[in-house]
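In what follows, a single structure is set out as structure tokens and then discussed.
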Amino acid sequence: MRRSLVALIASVALLAMLLPSQVLGASPQQAGAKEAKFDKGGVFIVQMIDAPVVAYEGGVKGLKATAPGQGKKIDPNGTDVTRYVGYLTGKHDAALAKAG
């Protein structure tokens with residue numbers, strides 16, 4: 001068991017080192033550019049800053065926390081959950097529209 005755990009950790013570390021440096025590098029904004037400009041097509045991974053439903057602990061005016069308590073499961077049909085999902089969807093759609 002211990003041997004397989006060490007092998008798993010070593011494999012993950014190796015894969016992390018093999019990631020392209022661009023993925024691990026700073027974004028154009030972090031590097032000092034005023035605005036990111038992409039003139040070639042490609043696939044981009046964007047991480048939104050807002051917490052996912054299962055981790056949201058409040059902070060957005062009008063939206064209650066949705067993170068379940070310890071040992072509890074989230075209710076995907078709960079009012080607070082559906083409202084926060086709508087908020088996240090709106091933020092996602094706005095980001096897509098801005099990106100073109």
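Below, each value reflects all heavy atoms present in this structure, side chains not excepted, and no hydrogens, waters or symmetry copies.
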Please set out all donor-acceptor pairs under 3.5 angstrom arising from side-chain atoms of residues 63-70, sequence neighbours excluded.
unit_1: T66; atom_1: OG1; unit_2: V53; atom_2: O; d: 2.6

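- Residues that satisfy the ring-ring contact (aromatic ring centres under 6.0 Å, His included) test with Y84, not counting sequence neighbours, are Y56, Y87.
- Here the side chains of M48 and L88 are not in contact, with every heavy-atom distance at 4.5 Å or above.
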